[in-house]
Enquirer: 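Have a look at this one.
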Amino acid sequence: MGAGASVPEGATLKDVPQMIDKETCENLFLDQIVDFDEAKFDEMAVDGQIRREVLEELGFKVTLPAAELAAAEEAAAAAAALEHDEVEAYATRVLAMSEEELAEKASEVMTAVEVREKALTKDAPSDKAADYSKSFSGTANDTKVEKDFGKMLAGDDEAEHADAHAHDTDPALNPLVTSKNCERYDEVRAAGKWLKVLGGAGCYLWCHSLTHETVSMRPEDYEEEVAEKEEVDRSYGLYKCKLADILDEIALCIDEEKKTPLIVDNSEEEKVRTFFDYKGRVEDISGLGLPLGQQRKKKIKPKIEMERLRQTTVNAIKAGATLVVNMGEMGGDCNFQGALCKTTVFPVQMFEEGGKKILTPSFPAPRCAKMFKDEDKESGEVVCKETFQMVLISNLMPSQVRAFPNHSLPVS
């Protein structure tokens with residue numbers, strides 16, 4: 001399409017040239033409801049042209065044929081009606097909840113938001129990438145603060161953030177209930193409460209336990225004192241201890257209870273791993289928890305990862321040290337019992353009794369003997385010390401650890 005062309009009926013933006021000059025743009029607006037804004041075009045233009053993607057910023061809309069437009073409107077109306085029915089059914093259900101059920105629902109929503117924001121934290125730019133200190137405009141944080149302040153003055157902060165999180169995939173954050181799609185919105189909002197959580201950008205957010213709205217400005221009906229008094233058990237029943245007491249708790253778990261400790265550490269600094277960097281032999285296999293696409297991109301191969309774990313395990317057995325396996329965010333899809341554990345690499349018995357099961361006799365040698373290669377032996381003999389033990393570290397949320405399937409990892 002050259003200069004002076006127009007968009008035929010039924011066309012889409014794909015039918016418009018990638019780069020558009022002023023004359024073409026003026027012709028495109030001949031059939032539009034809004035007038036061509038020459039001043040705005042000049043402001044947005046580069047070398048006298050704009051990209052077709054910014055046409056909508058000038059108020060341009062492609063006209064569809066009447067039949068197609070009617071079908072689109074009918075489909076949109078049907079989708080809206082379906083959403084309305086689903087949201088109203090959800091409203092009926094939550095308004096009938098008991099106090100205990102409301103508290104459980106709030107806990108589920110809190111966990112889902114924490115997981116979501118934790119993922120956003122990983123996607124955030126590094127300090128180096130976000131450092132504009134050598135530029136004339138200041139730092140990245142200065143830019144963000146100015147942008148957020150402008151939105152606050154415009155009064156659209158709450159609406160924007162609510163819409164930004166409208167399509168969360170976690171079932172615990174669906175459906176999104178608003179005054180537009182629910183006739184009993186005020187009742188639902190009054191029945192629930194706002195939950196305060198640290199967002200992925202490092203600022204506090206508020207998410208409603210029943211409407212699932214997420215906003216970055218403190219809601220007027222948020223009750224700080226009530227939220228503090230109604231403290232939710234974030235550990236999901238898991239035993240909690242201080243880092244200073246962790247060695248004593250591990251000894252109790254292994255020596256007295258004959259179990260393998262699984263330590264859940266959600267701290268950004270990974271304090272538990274740092275602690276064991278000085279107190280044990282740490283091996284990180286968290287890469288096995290990544291999606292297959294990312295594993296291929298990072299050239300992570302399960303066979304190589306497990307062989308490295310075997311080497312670290314053998315060295316810890318010979319030294320009588322504490323083996324610390326950092327699982328990161330490995331979930332139930334990582335099947336240790338069915339796929340990763342091999343007798344000559346990392347036997348499933350490693351998960352029993354804090355790893356000490358592997359030291360027990362299996363005549364004529366201990367169970368761990370099959371893990372030793374010739375180069376690992378000393379004068380042809382398998383050396384193992386009784387002080388050896390194993391600890392697991394997970395960066396999952398406590399609720400996710402609770403849901404860990406037994407067929408993947410032997411947990412209790």
Enquirer: Check E353 with K259, please: is the shortest side-chain N to carboxylate O separation under 4.0 Å?
Expert: no
Enquirer: State whether the side chain of E88 and the backbone N or O of E183 hold a donor-acceptor pair below 3.5 Å, judged by distance alone.
Expert: yes
Enquirer: Roughly how far, to the nearest 0.5 Å, is CG of L238 from CG of L262?
Expert: 8.0 Å
Enquirer: Answer yes when D265 and K271 have at least one side-chain N-carboxylate O distance shorter than 4.0 Å, and no when they do not.
Expert: no
Enquirer: Do K356 and D255 come within less than 4.5 Å of each other through their side chains, counting heavy atoms only?
Expert: yes
Enquirer: Please give me the minimum heavy-atom distance between M327 and I285, naming the atom from each residue.
Expert: CA-CG1, 4.4 Å
Enquirer: Does any non-hydrogen side-chain atom of P302 lie less than 4.5 Å from one of Q295?
Expert: yes
Enquirer: Can you list the steps and then say if E83 with K180 is a salt bridge (charged side-chain N to carboxylate O under 4.0 Å, His left out)?
Expert: CA-CA 11 Å; E83 179 188 8; K180 295 180 180 179; over 6 Å; no
Enquirer: Report the C-alpha distance between K377 and V383 in whole Å, list the side-chain angles of each, state the deciding distance to 0.1 Å, and finish with yes or no for side chain to side chain contact (heavy atoms under 4.5 Å, CB included).
Expert: CA-CA 7 Å; K377 299 176 182 179; V383 177; over 6 Å; no
Enquirer: Tell me, do C384 and C368 make a side-chain contact under 4.5 Å, heavy atoms counted?
Expert: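 SC-SC contact between C384 and C368 confirmed.
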Enquirer: Using a strict cut-off of less than 4.0 Å between a Lys/Arg side-chain nitrogen and an Asp/Glu carboxylate oxygen, indicate whether E223 and K193 qualify as a salt bridge.
Expert: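 The answer is no: the pair does not qualify as a salt bridge.
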Enquirer: Can you find a pair of side-chain heavy atoms, one from W194 and one from E213, that are under 4.5 Å apart?
Expert: yes
Enquirer: Out of curiosity, L323 CG to I317 CD1, how far, rounded to the nearest 0.5 Å?
Expert: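 Atom-to-atom, L323:CG and I317:CD1 are 8.0 Å apart.
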Enquirer: So, K318 and D376, do they make that salt bridge, N to O below 4.0 Å?
Expert: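 So K318 does not pair with D376 through a salt bridge.
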Enquirer: Looking at every non-hydrogen atom in both residues, tell me the closest pair between G355 and T260 and how far apart they are.
Expert: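 Distance-wise, the nearest heavy atoms are N-OG1, 4.0 Å.
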Enquirer: T313 vs E283, test: side chain to side chain contact (heavy atoms under 4.5 Å, CB included). Steps then yes/no.
Expert: CA-CA 9 Å; T313 303; E283 187 56 59; over 6 Å; no
Enquirer: Between E305 and R310, is there a side-chain N and carboxylate O pair less than 4.0 Å apart?
Expert: no
Enquirer: Mark yes when over 12 heavy atoms from residues, nucleotides or ligands other than E269 sit less than 6.0 Å from its CD; otherwise mark no.
Expert: yes
Enquirer: Could you check whether any side-chain N or O of T387 sits under 3.5 Å from a backbone N or O of G320, counting only pairs where one atom can act as donor and the other as acceptor?
Expert: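 Indeed, once roles are kept as given, a pair shorter than 3.5 Å links the two residues.
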Enquirer: Go through I254 and I250 one step at a time and tell me if the side chain to side chain contact (heavy atoms under 4.5 Å, CB included) criterion holds.
Expert: CA-CA 6 Å; I254 296 177; I250 288 174; 3.8 Å; yes
Enquirer: Y204 ring centre to K196 NZ or CZ under 6.0 Å, with the angle to the axis within 45°?
Expert: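 So K196 does make the cation-pi contact.
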Enquirer: Flag yes if more than 12 heavy atoms outside E375 fall under 6.0 Å of its CD atom; otherwise flag no.
Expert: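 Counting neighbours around CD of E375, more than 12 heavy atoms of other residues, nucleotides or ligands fall under 6.0 Å, so yes.
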Enquirer: When you look at E114 and V197, which way does the side chain to side chain contact (heavy atoms under 4.5 Å, CB included) test go after all the steps?
Expert: CA-CA 7 Å; E114 288 176 340; V197 62; 3.8 Å; yes
Enquirer: Taking E101 for its side chain and S98 for its backbone only, find out whether a donor-acceptor pair lies under 3.5 Å.
Expert: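 Pair found, side chain donor or acceptor close to backbone of S98.
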Enquirer: Let me confirm one number: the CD-CE distance from E329 to M397, rounded to the nearest 0.5 Å.
Expert: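 CE of M397 is found 10.0 Å from CD of E329.
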Enquirer: Indicate yes or no for a side-chain donor-acceptor contact from H208 to the backbone of T214 under 3.5 Å, with no hydrogens or angles considered.
Expert: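 Checked: no pair found.
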Enquirer: Under 4.5 Å between any side-chain heavy atoms of E270 and N326, yes or no?
Expert: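 Yes, close enough: below the 4.5 Å cut-off.
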Enquirer: For a quick test of reading the model, state the closest non-hydrogen atom pair linking G354 to P261 and the distance between them.
Expert: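 Closest pair (atom of G354, atom of P261, distance): CA-CD, 4.4 Å.
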Enquirer: Considering non-hydrogen atoms only, spot the tightest contact between F351 and C341 and give its length.
Expert: CE1-SG, 3.6 Å
Enquirer: Among M371, R367, K357, whose side-chain contact (heavy atoms from CB on, under 4.5 Å) with P347 holds?
Expert: M371
Enquirer: Taking atom CG of L252 and atom SG of C241, what is their separation to the nearest 0.5 Å?
Expert: 10.5 Å
Enquirer: Tell me, with the steps shown, if R189 and T211 meet side chain to side chain donor-acceptor pair (under 3.5 Å).
Expert: CA-CA 6 Å; R189 181 160 170 169; T211 68; over 6 Å; no
Enquirer: Mark yes when over 12 heavy atoms from residues, nucleotides or ligands other than D221 sit less than 6.0 Å from its CG; otherwise mark no.
Expert: yes
Enquirer: Please give me the minimum heavy-atom distance between L195 and S209, naming the atom from each residue.
Expert: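 Where L195 meets S209 most closely, the heavy atoms are CD1-CB, 4.2 Å.
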Enquirer: Report yes if the side chains of V272 and I246 come closer than 4.5 Å at any heavy-atom pair, otherwise no.
Expert: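 V272 reaches I246 side chain to side chain.
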Enquirer: Sub-3.5 Å donor-acceptor pair from the side chain of N181 to the main-chain atoms of T178, do we have one?
Expert: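 Yes: the side chain of N181 pairs with the backbone of T178.
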Enquirer: Would you indicate whether K279, at its atom NZ, is surrounded by more than 12 heavy atoms from other residues, nucleotides or ligands within a distance under 6.0 Å?
Expert: no
Enquirer: Measure the spacing between CG of L288 and CE of M306 and express it to the nearest 0.5 Å.
Expert: 7.0 Å
Enquirer: For L210, which of V177, V109, V188 qualifies under side-chain contact (heavy atoms from CB on, under 4.5 Å)?
Expert: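 The single option meeting the side-chain contact (heavy atoms from CB on, under 4.5 Å) with L210 is V188.
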Enquirer: Evaluate the side-chain proximity of F388 to I358: yes if any heavy-atom separation is below 4.5 Å, no if none is.
Expert: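 Yes, at least one pair of side-chain atoms sits under 4.5 Å.
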Enquirer: So, does T312 use its side chain to make a donor-acceptor pair with the main chain of R308 at under 3.5 Å?
Expert: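 Here the side-chain-to-backbone pair exists.
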Enquirer: What pairs meet the ring pair (Phe, Tyr, Trp, His ring centres under 6.0 Å) rule with one or both residues in residues 81-113, with sequence neighbours excluded?
Expert: Y90-H212
Enquirer: So does I20 get a backbone contact from the side chain of T24, meaning a donor-acceptor N/O pair under 3.5 Å?
Expert: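 Flag not set: sc T24 to bb I20 has no pair under 3.5 Å.
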Enquirer: Go through the steps to decide whether T92 and R184 satisfy the test side chain to side chain donor-acceptor pair (under 3.5 Å), and finish with yes or no.
Expert: CA-CA 9 Å; T92 300; R184 291 177 289 176; 2.5 Å; yes
Enquirer: Measuring from atom CZ of R218 to atom CD of E220, what distance do you get when rounded to the nearest 0.5 angstrom?
Expert: 10.5 Å
Enquirer: Which heavy atom in F276 sits nearest to a heavy atom in T322, and how many Å separate them?
Expert: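 Heavy atoms of F276 and T322 come nearest at CE2-CG2, 4.4 Å.
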Enquirer: May I ask you to test the D170-V115 pair for a side-chain heavy-atom distance under 4.5 Å?
Expert: no
